[in-house]
Amino acid sequence: MRLLVLGGSAFLSREVARQAVERGHRVTCACRGTSGPLPDGVRHVAWDRDQPPPPDLGQDHDAVIDVARHPSRVRAAVAALPEAHWVFVSTISVYADSSVPGGTPDTLPLLDPVTTDEDPMSSPETYGAMKVACEQAVAAGAASSLIARPGLIVGPGDPSGRFSYWPERIADGGEVLAPGSPDDAVQVVDVRDLAAWLVDGAERRRTGTLDAVGPVGSRGAVLDAIATGVGVPLRATWVPQEFLLEQQVEPWMGPRSLPLWLPLPEHAGLMAHDASPARAAGLTTRPVEETARDTLAWLRATPEPPRTGLTRRDEAALLAAWHSLRQ
Ligand SMILES: NC(=O)c1ccc[n+]([C@@H]2O[C@H](COP(=O)([O-])OP(=O)(O)OC[C@H]3O[C@@H](n4cnc5c(N)ncnc54)[C@H](OP(=O)(O)O)[C@@H]3O)[C@@H](O)[C@H]2O)c1
C-alpha cells in the first residue's frame, strides 16, 4: 500500500508511520517536521498545511491517515487527494454530553461544528467542535473514509503525561493518593494498539465511524494492574472527589492535578464509552499491565519526560490533611 500520513513527527502519527513501514508499506509523511523526528524508512514531504499542498506530495496514495485539528487543513488535503481512502483520527471530545456511560456514535449527540480555524487548545469544546467540522469535510470529500474517535491515548512517548503519572507514582512506593472511588470507570487505549488498528483500517479500506477505545475498567482494577506492571504493590488511600475539589486539586491534567480523574456525574461517560463496536471491528488492546511497564521504561530512559499531576510534596500535604480531617 502507498500510505500518506499527514503527521508522523509526534506521538500517535509517528507510531502509525513506524508500524506501516514495519509492515512493508511505502509511507510518505507530510508535515513541517518541527514536532520531532520521523520514523526511519519514510519519505518526508515538507508541508505546512496552512500553505497550499506542495507539488511533491504526489497523487498516487492508496490511503491517507490524518490527525489534523483545523478544518481548513482537512478540507484542503481532502480536495487535493480525492481518490484516496481516508482514515481520520478524531476524538470522543466531539460529543456534546460526556455524562452518559455506555455511549456509541449512534447514541451520542455531537457538538455543533466549528468550521473556522480556532485555537484547538482554547477549550475542549472548541477542539471537539472543530473535529466535528473536520469529520464532515472528510465525509463530504473523500472517496471513502473511516472516522476513528479515540478516548485517552496512552503509552510510551505520551506527550501529555496523563497516564504516565500513575506508573511513575506507584513505582515510587509508599502511600498513594487515589482519587474518587475504586469503582469509577477508567478507559484508555495504548498508542501502539490504536496505531495498528488505524493501519489495518487503511489496508482494508474500513469505513464507518467508531469510538476507538479500550475496555472499561474500574479505577481500582486499573491502578492494581499498573502496580502489577511496574512490580510494586499498591498502597492506596482513596480520597473522595468532594475533598479533592475543596482542596482545589485539578482533575485530568495540569499543575496540582490528578490524572485519570474527572468529577462525577458530569463526566461519567468520558471514560466509559462502549468498546464493543471497535472490538468487533478488530481493535485489540494489550493488558494495562504491559502499557504501564513499557511507559515506565520509556519515562526512565527519557532525560526530561513530559509530566503532569501532583508533586510528591502536594500529595503528601493532601494525604496529611485528609487523615487529620478523619481523626
Ligand atoms: N492524546 C490523546 O489522548 C487523544 C485523545 C483523542 C484523540 N486524539 C487525537 O489523536 C491524534 C494525535 O495525533 P499525534 O499524536 O500525531 O499528535 P498531534 O499533536 O495531534 O499531531 C501532530 C502532527 O501534526 C503535524 N502538524 C501540526 N501542525 C502542522 C502544520 N501546520 N502543517 C503540517 N503538519 C502539522 C505535526 O507535524 P509538524 O509539527 O512536524 O509539522 C505532527 O506530525 C490527534 O488527531 C488528536 O486530536 C488524541
Side-chain angles (χ1 to χ4, degrees), residues 4-20 27-39 42 44-54 57 64-77 80 86-95 98 117 119-121 124 126-135 137-138 146-165 186-195 197-199 201 209-214 252-253 259-260 262 270-271 273 278 283 291 295 306 308:
L4 175 64
V5 177
L6 293 176
S9 57
F11 185 41
L12 173 64
S13 54
R14 181 191 295 130
E15 181 62 17
V16 162
R18 192 194 68 73
Q19 290 193 27
V27 181
T28 300
C29 291
C31 61
R32 296 164 304 179
T34 52
S35 289
L38 294 162
V42 305
H44 178 217
V45 171
W47 184 16
D48 178 343
R49 292 178 69 181
D50 290 329
Q51 305 300 321
L57 184 63
V64 175
I65 300 183
D66 188 2
V67 295
R69 297 160 198 242
H70 294 75
S72 77
R73 295 181 189 167
V74 176
R75 284 193 294 267
W86 219 271
V87 176
F88 182 68
V89 181
S90 186
T91 168
I92 56 163
S93 298
V94 293
Y95 297 117
S98 66
D117 290 349
D119 174 7
M121 306 308 277
T126 305
Y127 163 60
M130 285 166 65
K131 282 284 201 185
V132 174
C134 294
E135 291 185 1
V138 171
L146 171 66
I147 305 291
R149 295 176 178 158
L152 184 63
I153 307 170
V154 304
D158 180 2
S160 79
R162 288 176 291 190
F163 174 84
S164 321
Y165 174 85
V186 169
Q187 185 170 47
V188 298
V189 62
D190 189 295
V191 63
R192 297 162 293 183
D193 300 328
L194 176 59
W197 183 72
L198 295 169
V199 177
T209 299
L210 289 157
D211 290 340
V213 291
W252 201 238
M253 67 183 295
L260 292 189
L262 285 162
L270 205 85
M271 290 196 285
H273 284 252
L283 175 58
T291 301
T295 302
T308 198

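In listed order, ligands and their atoms are each counted from 1. Quick caveat: nothing in here was measured; it's all calculated off a predicted structure. If you read the sequence from its start, that first residue is 1, and numbering goes on from there.
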[X]: numbered ligand 1 atoms lying under 4.0 Å from its heavy atoms:
X	result
R73	28 (N), 29 (C), 30 (C), 31 (N)
I153	2 (C), 3 (O), 4 (C), 5 (C), 8 (N), 10 (O), 48 (C)
L152	3 (O)
F11	15 (O)
G8	43 (O)
G33	38 (P), 40 (O), 41 (O)
T34	38 (P), 39 (O), 40 (O), 41 (O)
G7	43 (O)

Please write down residue, atom name and distance for the protein heavy atom closest to [atom].
atom	value
atom 39 (O) of ligand 1	S35 OG, 2.4 Å
atom 7 (C) of ligand 1	S90 O, 3.2 Å
atom 10 (O) of ligand 1	V89 CG1, 3.5 Å
atom 16 (O) of ligand 1	S13 OG, 2.6 Å
atom 17 (O) of ligand 1	A10 CB, 3.7 Å
atom 8 (N) of ligand 1	Y127 OH, 3.5 Å
atom 37 (O) of ligand 1	S9 OG, 2.9 Å
atom 31 (N) of ligand 1	D48 OD1, 3.2 Å

- With a 4.0 Å cut-off, would you call R49 and D66 a salt bridge?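 Between D66 and R49 there is a salt bridge, with a charged N closer than 4.0 Å to a carboxylate O.
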
- prompt: Are any side-chain N or O atoms of D190 and backbone N or O atoms of T291, one a donor and one an acceptor, separated by less than 3.5 Å?
  reply: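 No; judged by distance alone, with no hydrogens or angles, the pair does not exist.
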
Of all the heavy atoms in [X], does at least one lie under 4.0 Å from an atom in ligand 1?
X	result
S160	no
G151	yes
K131	yes
H70	no

Are any non-hydrogen side-chain atoms of [X] and [Y] less than 4.5 angstrom apart?
X	Y	answer
V188	L260	yes
L146	L210	yes
K131	R149	no
P39	E15	no

When you compare ligand 1 with [X], is there at least one nitrogen or oxygen pair between them that comes in under 3.5 angstrom?
X	answer
R69	yes
R32	yes
L6	no
C31	no
L12	yes
V67	yes

Partners passing ring pair (Phe, Tyr, Trp, His ring centres under 6.0 Å) against Y95 (at least two apart in sequence or in another chain):
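Here the qualifying residues are H273.
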
Just how far is it from atom CG of D158 to atom CD1 of I153, taken to the nearest 0.5 Å?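 So the CG of D158 and the CD1 of I153 are separated by 8.5 Å.
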
**Prompt:** Does S93 approach ligand 1 within less than 4.0 angstrom via side chain, backbone, both or neither, non-hydrogen atoms only?
**Reply:**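 Under 4.0 Å from ligand 1, S93 contributes no heavy atoms.
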
Margin query: For L12, run the side chain to side chain contact (heavy atoms under 4.5 Å, CB included) check against V89, I65, V189 and tell me which one passes.
Written below: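 The residue from V89, I65, V189 that satisfies side chain to side chain contact (heavy atoms under 4.5 Å, CB included) with L12 turns out to be V89.
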
